Every structure is written in C-alpha cells, then in structure tokens.
Visitor: 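What follows is a single structure, and I will ask about it in a moment.
If you're wondering where the values come from, they're calculated on a predicted model, not measured in any experiment.
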Amino acid sequence: MNRLELGLDTFGDVTAGPDGKLLGQPEVIRNLIAEGVLADQVGVDVFGVGEHHRPDFAVSSPETVLAAIAARTERIKLTSAVTVLSSDDPIRVYQRFATVDAISNGRAEVSLGRGSFTESFPLFGFDLADYDRLFEEKLERFAAVRAGRGGQKVYPTTNHAEGMPTWIAVGGTPQSVVRAASYGFHLALAIIGGEPARFAPFVALFHGALQKHGFDRRRIAIHSPGYIARTDEEAKEQLWPHYRQLIGRIGRERGWPPPTRAQFEAETTDGSLYVGSPETVARRIAETIRTLGADRFDLKYASGPMPHESLMSSIELYGTVVKPRVLELLEAE
C-alpha cells in the first residue's frame, strides 16, 4: 500500500510587505525558497511550485526555484504544480526536471497539465486554437522520452527504475482522467471549489481506465486551497481579504461575479477551501482523503497577497500539527 503523503503547493503569489505594498517578484521568489526550506524542516512530504506568466505570480520557471530548494533541503519531494507542457518543449522539460532530480538526490517529480491560464501561448508563439492538439502531441513525446522509446537518449539520466515520477494534473474532465491512465501516469485532481465527493466518479474512472490499459494501481493526489491559523475565526479573518482580492481579480478576467463572504464561508464548511484551526483543517483533509481514496493531499497554502510571515506560520502548523493529526485520524479507523 502506498504511504499517504501530505504536501504543499504554491504559485508564487506576489505578496504584500509589512507596509502593505506589494513586494517585488525577486523578493517573492527568495521568500518562496525559504517557505520550501521550512516545509522540509517541519516534516511536509511534498512541495510543489506552479508556472505562470503574469504579474500577480512570480514563478515562470518552477524547476529553477525547485533546484534552489533542492540544494537547501534533505528529504522533501519537489514537484511542479503544474508545468504547462502545451507551450513548452517536452524534451527540455524532462531534462530540467532530471537535473533537479540529480541536485535533490532523487526527490524530483513533474506534474504536467494544459494550464488554467493561457498567457504562455501568445508569449511563446502558440495559437490557442491548438490548445488540445499541442498537449496531446507533447505529452506523447514526453512519454516516449521518459520510457526511452525512439532510439534517442536524453540526458541527464535518473536512477528511477520507471523513469521520472510523472503526474497529470486535471481540472475534472473525463477525457483528461482517461488520458492520464492511458500513459500509466499518476493523477492529480485540482479541486478548487464545491464538495470534494463530486470527484469520486473521476477516481473510479481512473482506476477502471488503468486496468483497461494494462497498468497496475497509480497514485491519486488532491490539490485544494487553504490556510491555517490558531483558531477558525483567526484563519478566516486573515485569509478572506486576500482570497477576495485573488478570486475577484481572476473573476473579472473570466466574467465571474465578485466573491461573497457567504460563498467563502460555505467553501470553508462543506466545499474545497481548507481554512481554520489545525484540528478543523486536519479533520476536513482526513475526510476528503477517506472519501476519494487519495494517496496524497496538497494544500495550496498561498492565496493572493497574504504576507510571507503569515504563510510561514501556516506552513509550520501544517507540518507540525495538521499532518500528524491527519495520519492519526485515518489510522484510528
């Protein structure tokens, strides 16, 4: 049986400094590296860094940031969250993560996706009309490189018996779930709203598709946002203004109505926003893992311009209190 893992994800959200003004992106990246180092120190299992190409997120090259964290950590796994394969070169992606794997002594993984933001397409000269075709073609090429097919060797090599550990990140379409299974890759479900239980059919579909394609069991990860403080009320009050700013900004771009406090509260109670005291968050994470049979839960711990100091506090509580409590709750069953 796979060991349950509790991880953290970030997109490198541009954060506010002590004076309330937004920090420069270079300082945000340095702070993010410190957050990854702390995650390792407090026992978090996995640290993921996402890729974006826009002013509100500082990270456009996750593997570079992960390499810096790798050089300063000892045990934590390091992954992307996600790498936008559609607008990248699959061979270079493999080489860059293989390099992180070497620096970290075998702790690197890669999570591939099409991306929920599309800025990388015009930036790198791709047509959005080719959104699906590009991902299909490049995923096939990445899989071939990983498996050593086609007679071409790619360097550096890794010591993983089955190639670089690879996940496919999906937002909840059956086609994406089946695609992940058809390659025998692990599945990362981005559950950012609504009741987690509604994703149970995708879990069943994934297991069935793996069998159909002749693969044994693969791992399933859940990626959801949240924040931890000493009490439920403190966590909500600290997160809400930053969450409102983040969701409001993205919503204006996509035609969504502004988020309301009532919606926020509902998500923290029954939805996919894991906010509260360590006990509250641990119980909700344990319930989601139990419901979906997940092997990994990754909390997206940064939302909007919340200060670095607050994020560090949340990371410490996650590693020292939430993680052991989740394991305790699940073992008790």
Visitor: So which heavy atom on Pro196 is nearest to which on Ile191, and how close?
Guide: CA-CG2, 4.3 Å

Visitor: State plainly whether the residues Arg75 and Asp45 are in salt-bridge range, i.e. N to O under 4.0 Å.
Guide: yes

Visitor: Leu330 versus Arg290: any side-chain heavy-atom pair under 4.5 Å?
Guide: yes

Visitor: Hey, what's the ring geometry for Trp240 with Tyr243, parallel, tilted or perpendicular (30° and 60° as the breaks)?
Guide: tilted

Visitor: Measure up the Phe121 and Phe126 rings against each other and bin them: parallel (under 30°), tilted (30 to 60°), perpendicular (over 60°).
Guide: perpendicular

Visitor: Measure the shortest side-chain to side-chain distance between Phe185 and Leu139 over non-hydrogen atoms and say whether it is less than 4.5 angstrom.
Guide: yes

Visitor: Take a 6.0 Å sphere around CD of Glu279 and say whether it holds more than 12 heavy atoms from other residues, nucleotides or ligands.
Guide: yes

Visitor: Would you mind checking if Glu237 and Arg261 are paired as a salt bridge, meaning a charged N to carboxylate O distance below 4.0 Å?
Guide: yes

Visitor: Is the shortest side-chain heavy-atom distance between Ser303 and His242 below 4.5 Å?
Guide: no

Visitor: Mind checking whether Arg249 and Glu253 have side chains closer than 4.5 Å, heavy atoms only?
Guide: yes

Visitor: Step by step, would you call His52 with Glu119 a side-chain contact (heavy atoms from CB on, under 4.5 Å)?
Guide: CA-CA 8 Å; His52 292 84; Glu119 290 83 3; 5.7 Å; no

Visitor: Does a salt bridge link Arg92 with Glu63, judged by any charged N lying under 4.0 Å from a carboxylate O?
Guide: no

Visitor: Quick one: pull up CZ in Phe142 and CG in Asp88 and give me the separation to the nearest 0.5 Å.
Guide: 10.5 Å

Visitor: Does a salt bridge link Arg141 with Glu137, judged by any charged N lying under 4.0 Å from a carboxylate O?
Guide: no

Visitor: If you round to the nearest 0.5 Å, how far is CG of Leu311 from CG of Leu8?
Guide: 10.5 Å

Visitor: I need the minimum non-hydrogen distance between Tyr227 and Met306, along with the two atoms involved.
Guide: CE1-SD, 3.3 Å

Visitor: Decide yes or no for Phe124 and His53: does some side-chain heavy atom of the first lie under 4.5 Å from some side-chain heavy atom of the second?
Guide: yes

Visitor: In Å, rounded to the nearest 0.5 Å, how long is the span from NZ of Lys300 to CG of Asp298?
Guide: 12.5 Å

Visitor: I'd like to know if Glu287 and Arg284 make a salt bridge, using a cut-off of under 4.0 Å between side-chain N and carboxylate O.
Guide: no

Visitor: In terms of heavy-atom contacts, does CG of Asn105 have more than 12 from other residues, nucleotides or ligands at under 6.0 Å?
Guide: no

Visitor: Would you please test Arg179 and Ile168 for side-chain contact (heavy atoms from CB on, under 4.5 Å) and show each step?
Guide: CA-CA 9 Å; Arg179 181 192 292 119; Ile168 300 296; 5.5 Å; no

Visitor: Answer with yes or no whether the side chains of Tyr274 and Thr288 bring together a donor and an acceptor at under 3.5 Å.
Guide: yes

Visitor: Where do Pro201 and Arg198 come nearest, in terms of heavy atoms and distance?
Guide: CD-O, 3.3 Å

Visitor: Looking at His186, Arg3, Arg217, which hits side-chain hydrogen bond (donor to acceptor under 3.5 Å, both in side chains) with Asp295?
Guide: Arg217

Visitor: So if I apply the side-chain contact (heavy atoms from CB on, under 4.5 Å) rule between Phe199 and each of Val177, Ile220, Leu189, which one comes out positive?
Guide: Leu189

Visitor: Would you say His308 and Glu35 are linked by a side-chain donor-acceptor pair, where the criterion is simply a distance under 3.5 Å?
Guide: yes

Visitor: Would you say CG of Asp127 has more than 12 non-hydrogen atoms from neighbouring residues, nucleotides or ligands within 6.0 angstrom?
Guide: yes

Visitor: Between Ile222 and Ala294, which heavy-atom pair has the shortest distance, and what is it?
Guide: CG1-CB, 3.7 Å

Visitor: Using a 6.0 Å cut-off, check whether atom CZ of Arg230 has over 12 heavy atoms from anything other than its own residue.
Guide: no

Visitor: Please determine whether the number of non-hydrogen atoms from other residues, nucleotides or ligands lying under 6.0 Å from atom CD of Gln152 exceeds 12.
Guide: no

Visitor: Using a distance-only test with no angle check, is there a side-chain donor-acceptor pair under 3.5 angstrom linking Thr83 and Arg96?
Guide: no

Visitor: If you look at every heavy atom in Thr15 and Val28, which pair is closest and at what distance?
Guide: N-CG2, 3.9 Å

Visitor: May I ask you to check whether over 12 heavy atoms, not counting those of Ile33, lie within 6.0 Å of atom CD1?
Guide: yes

Visitor: So that I can tick it off, tell me whether Glu109 and Arg219 are bridged by a salt bridge, with the cut-off set at under 4.0 angstrom between side-chain N and carboxylate O.
Guide: no

Visitor: For Glu140, does the CD atom have more than 12 heavy-atom neighbours from other residues, nucleotides or ligands under 6.0 Å away?
Guide: yes

Visitor: Say you draw a straight line from CD of Glu265 to CG of Leu273; how long is it, rounded to the nearest 0.5 Å?
Guide: 9.5 Å

Visitor: Can Lys236 and Glu233 be counted as an ion pair, charged N to O under 4.0 angstrom?
Guide: no

Visitor: Any side-chain to backbone donor/acceptor pair from Arg218 onto Gly184? Under 3.5 Å, distance only.
Guide: yes

Visitor: Run the side chain to side chain donor-acceptor pair (under 3.5 Å) test on Thr99 and Gln95 for me, step by step, so that the C-alpha distance in whole Å, both residues' side-chain angles and the decisive distance to 0.1 Å come before the verdict.
Guide: CA-CA 6 Å; Thr99 302; Gln95 289 175 322; over 6 Å; no

Visitor: For Ser313 and Glu309, does a side-chain donor sit closer than 3.5 Å to a side-chain acceptor?
Guide: no

Visitor: Decide whether Val82 and Leu32 are clustered together by the hydrophobic rule: side chain heavy atoms of Ile, Leu, Val, Met, Phe, Trp, Tyr closer than 4.5 Å, transitively.
Guide: no

Visitor: Check Thr10, Asp13, Val14 against Phe57 for a side-chain contact (heavy atoms from CB on, under 4.5 Å) and give me the one that passes.
Guide: Asp13

Visitor: Starting from the C-alpha separation in whole Å, work towards a yes-or-no answer on side chain to side chain donor-acceptor pair (under 3.5 Å) for Asp101 and Thr158.
Guide: CA-CA 7 Å; Asp101 198 59; Thr158 75; 4.6 Å; no

Visitor: Considering only heavy atoms from C-beta outward, does the side chain of Leu205 approach that of Pro174 to under 4.5 Å?
Guide: yes

Visitor: If hydrophobic clusters are built by linking Ile, Leu, Val, Met, Phe, Trp and Tyr wherever their side-chain heavy atoms come under 4.5 Å apart, do Ile69 and Leu38 end up in the same one?
Guide: yes

Visitor: Going through the distances and angles, do Arg114 and Ser176 end up as a side-chain contact (heavy atoms from CB on, under 4.5 Å)?
Guide: CA-CA 10 Å; Arg114 293 182 294 180; Ser176 296; 3.5 Å; yes

Visitor: Can you label the angle between the Phe47 ring and the Tyr301 ring as parallel, tilted or perpendicular, going by 30° and 60°?
Guide: tilted

Visitor: What about Val84 and Val49, same hydrophobic cluster or not, with Ile/Leu/Val/Met/Phe/Trp/Tyr joined at side-chain heavy-atom distances under 4.5 Å?
Guide: no

Visitor: If Ile, Leu, Val, Met, Phe, Trp and Tyr residues are connected whenever their side-chain heavy atoms lie under 4.5 Å apart, and connections chain through other members, are Ile91 and Leu112 in the same group?
Guide: yes

Visitor: With the side chain counted from C-beta on, respond yes when Ser272 and Ile192 share a heavy-atom pair under 4.5 Å apart, and no when they do not.
Guide: no

Visitor: Minimum heavy-atom separation for Pro259 to Arg244, with atom names?
Guide: CG-O, 3.9 Å

Visitor: For the atom pair CD1 (Ile285) and CG (Leu327), what is the distance rounded to the nearest 0.5 Å?
Guide: 10.5 Å

Visitor: Start with the C-alpha distance between Leu6 and Val322, add both sets of side-chain angles, then the distance that settles side-chain contact (heavy atoms from CB on, under 4.5 Å), and finish with yes or no.
Guide: CA-CA 9 Å; Leu6 278 294; Val322 173; 5.7 Å; no

Visitor: Just so I know, are the side chains of Arg325 and Arg283 near enough to count as touching, which here means a heavy-atom distance under 4.5 Å?
Guide: yes

Visitor: Looking at CD1 of Ile315 and CD1 of Ile228, how far apart are the two atoms once the value is rounded to the nearest 0.5 Å?
Guide: 9.5 Å

Visitor: Between Val154 and Tyr183, is there shared hydrophobic-cluster membership here, with clusters defined by ILVMFWY side-chain heavy atoms closer than 4.5 Å?
Guide: yes

